[in-house]
> 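I'd like to ask some things about the structure below.
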Amino acid sequence: MTYPPPPWQLQGELYASLWRVPARSFPGSAPSGLRPVTLYGQTLVGTAWAHYEPGGVLAYNEVLAACRVRGPGGTATHVPLIWVDHPSSAAGARALWGIPKRLATFSVTSTRAALEAAADVNGQAIASTRFHPHLRLPGRWPLQTRLAHCSPDGMKLTRARLSARVTFGSTEWRFASEGPLAFLACRTPLLSVRFSEMTLVFGPPE
């Protein structure tokens, strides 16, 4: 499977929500040498839908769940649960950065007024959502983070840099009771944001 060389420059929209959950409920373990960032047994989990459009190195859909981890080099973001609908994205992320992307089927309708999206693997639902915008901030806003993942070559830290217009809103999430994100079912996100007209530069590894 071929895939673009790093860095990857992507463009499109990203819809993110932030959750507070018991640390023991978050599936998957942190990479060796890192531990989840917690407070009184709770950790912050981020979920996101991304709709990457033509014009970047790849165009595809993505849904993920991530947490913050801490190690000797400081804090980073760890993404143990992530699905895409493009084989090159899955192969490249695994080979270049150790990110465990898996393939799924997506249904996405995105307009200026709202987002409706759903994802499943072989008919088994992962999640579906509907975003409603409320407050759009003026200008463009930068955001960056480091991602930490294990690969056959050892620990890899990769910097992601984002620039986008920011809109706060509300999100209706639905999670399959037997699905991989069931630990978020019956919970309400603390915050939901849309990043539109987004440019994302990912990589290369540090």
Side-chain angles (χ1 to χ4, degrees), residues 3-20 44-68 74-79 81-86 88-90 92-93 96-97 99 101 104 106-119 126-149 157-173 181 184 189-206:
Y3 44 83
W8 285 7
Q9 182 163 320
L10 304 165
Q11 64 183 45
E13 294 186 320
L14 187 144
Y15 299 78
S17 293
L18 190 64
W19 313 72
R20 185 176 63 241
L44 292 178
V45 173
T47 54
W49 294 88
H51 178 57
Y52 299 118
E53 301 168 347
V57 296
L58 291 172
Y60 60 95
N61 293 293
E62 182 173 82
V63 63
L64 62 86
C67 67
R68 295 291 287 176
T75 60
T77 301
H78 178 52
V79 189
L81 301 169
I82 182 168
W83 297 264
V84 297
D85 60 358
H86 197 305
S88 292
S89 174
L96 296 172
W97 301 297
I99 299 175
K101 289 186 179 182
F106 286 72
S107 172
V108 179
T109 301
S110 177
T111 67
R112 292 181 63 88
L115 164 83
E116 292 189 23
I126 299 171
S128 61
T129 193
R130 179 178 297 172
F131 176 87
H132 301 280
H134 297 321
L135 175 64
R136 181 171 178 171
L137 301 184
R140 295 181 63 85
W141 293 76
L143 181 68
Q144 72 173 20
T145 188
R146 294 189 308 162
L147 274 72
H149 290 90
L157 291 172
T158 305
R159 193 170 298 278
R161 302 178 301 281
L162 176 155
S163 174
R165 298 188 181 277
V166 174
T167 301
F168 292 95
S170 58
T171 306
E172 304 166 21
W173 284 88
L181 300 181
L184 292 172
L190 303 173
L191 180 72
S192 293
V193 181
R194 176 175 68 190
F195 298 97
S196 57
E197 300 178 39
M198 176 186 68
T199 298
L200 173 65
V201 179
F202 195 85
E206 294 183 354

> Applying side chain to side chain contact (heavy atoms under 4.5 Å, CB included), run through T171 and Y15 and close with a yes or a no.
CA-CA 9 Å; T171 306; Y15 299 78; over 6 Å; no
> Looking at side-chain heavy atoms only, is the closest gap between Y60 and K101 below 4.5 Å?
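Result yes, sub-4.5 Å side-chain heavy-atom pair found.
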> I'd like to check the ring pair (Phe, Tyr, Trp, His ring centres under 6.0 Å) partners of H78; sequence neighbours left out, ordered by chain and number.
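Residues passing ring pair (Phe, Tyr, Trp, His ring centres under 6.0 Å) with H78: H149.
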> Pairs under 3.5 angstrom only: tabulate donor-acceptor contacts from the side chains of residues 48-55 to other protein residues two or more places apart or in another chain.
{"unit_1": "H51", "atom_1": "ND1", "unit_2": "N61", "atom_2": "OD1", "d": "2.8"}
{"unit_1": "Y52", "atom_1": "OH", "unit_2": "E62", "atom_2": "OE1", "d": "3.3"}

> Can you tell me how far OG1 of T199 sits from CG of L162, rounded to the nearest 0.5 angstrom?
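Between atom CG of L162 and atom OG1 of T199 there are 8.0 Å.
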> Under the side-chain hydrogen bond (donor to acceptor under 3.5 Å, both in side chains) test, which residues partner E172, sequence neighbours left out?
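Residues passing side-chain hydrogen bond (donor to acceptor under 3.5 Å, both in side chains) with E172: H132.
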> My understanding is that only residues two or more places apart in sequence, or in another chain, count here; which of them pass side-chain contact (heavy atoms from CB on, under 4.5 Å) with S128?
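Residues passing side-chain contact (heavy atoms from CB on, under 4.5 Å) with S128: A118, R174.
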> List for me each residue that meets side-chain contact (heavy atoms from CB on, under 4.5 Å) alongside V57, sequence neighbours excluded, and say none if there are none.
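V57 satisfies side-chain contact (heavy atoms from CB on, under 4.5 Å) with P4, W8, L10 once adjacent residues are dropped.
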> Taking only residues two or more places apart in sequence or in another chain, which ones pass side-chain hydrogen bond (donor to acceptor under 3.5 Å, both in side chains) with E116?
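For E116 the side-chain hydrogen bond (donor to acceptor under 3.5 Å, both in side chains) partners, ignoring immediate neighbours, are R130.
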> Can you confirm whether the side chains of S192 and S170 place a donor and an acceptor under 3.5 Å from each other?
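Looking only at side-chain atoms, S170 and S192 do not form any donor-acceptor pair under 3.5 Å.
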> If you measure from CE on M198 to CG on L14, what distance do you get to the nearest 0.5 Å?
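Between M198 CE and L14 CG, I get 5.0 Å after rounding to 0.5 Å.
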> Tell me the closest heavy-atom pair linking E13 and S196, and the distance in Å.
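For E13 and S196, the tightest heavy-atom pair comes out as OE2-CB, 3.8 Å.
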> I'd like to check V166 versus F195 (side-chain heavy atoms, cut-off strictly below 4.5 Å). Are they in contact?
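Result yes, sub-4.5 Å side-chain heavy-atom pair found.
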> Once side-chain contact (heavy atoms from CB on, under 4.5 Å) is applied, do any residues pair with L44, and if so which ones, sequence neighbours excluded?
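L18, R20, L190.
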> Please find the pair of heavy atoms, one from A104 and one from D85, that lie closest to each other, and give the distance.
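Closest approach of A104 to D85, heavy atoms only: O-CB, 3.5 Å.
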> Of all residues at least two apart in sequence or in a different chain, which pass the salt bridge (Lys or Arg N to Asp or Glu O under 4.0 Å) check with R165?
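Partners of R165 by the salt bridge (Lys or Arg N to Asp or Glu O under 4.0 Å) criterion, ordered by chain and then number, come out as E197.
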> Not counting sequence neighbours, which residues clear side-chain hydrogen bond (donor to acceptor under 3.5 Å, both in side chains) with R146? List them please.
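side-chain hydrogen bond (donor to acceptor under 3.5 Å, both in side chains) check on R146 returns nothing, list empty.
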> How many angstroms lie between atom OG1 of T158 and atom CG of L96, to the nearest 0.5 angstrom?
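The distance works out to 8.5 Å.
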> So, for G92 and Y3, which heavy atoms are closest and what is the spacing to 0.1 Å?
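Distance-wise, the nearest heavy atoms are CA-CG, 3.4 Å.
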> T77: what forms a side-chain contact (heavy atoms from CB on, under 4.5 Å) with it, not counting sequence neighbours?
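Checked T77 against side-chain contact (heavy atoms from CB on, under 4.5 Å); matches are A66, R68, V79, T145, L147.
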> Can you find a heavy atom in the side chain of F202 that is under 4.5 Å from one in the side chain of I99?
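Yes, side chains in contact.
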> Can you find a pair of side-chain heavy atoms, one from L181 and one from W173, that are under 4.5 Å apart?
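A side-chain contact under 4.5 Å is absent here.
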> With T129, which residues qualify under side-chain hydrogen bond (donor to acceptor under 3.5 Å, both in side chains), at least two apart?
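Counting only residues at least two positions away or on another chain, T129 forms no side-chain hydrogen bond (donor to acceptor under 3.5 Å, both in side chains).
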> How far does OG1 of T47 sit from CG of L64, to the nearest 0.5 angstrom?
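Here the rounded value is 7.5 Å.
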> Please confirm whether the backbone N or O of S163 pairs with a side-chain atom of R140, one donor and one acceptor, at under 3.5 Å?
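Yes.
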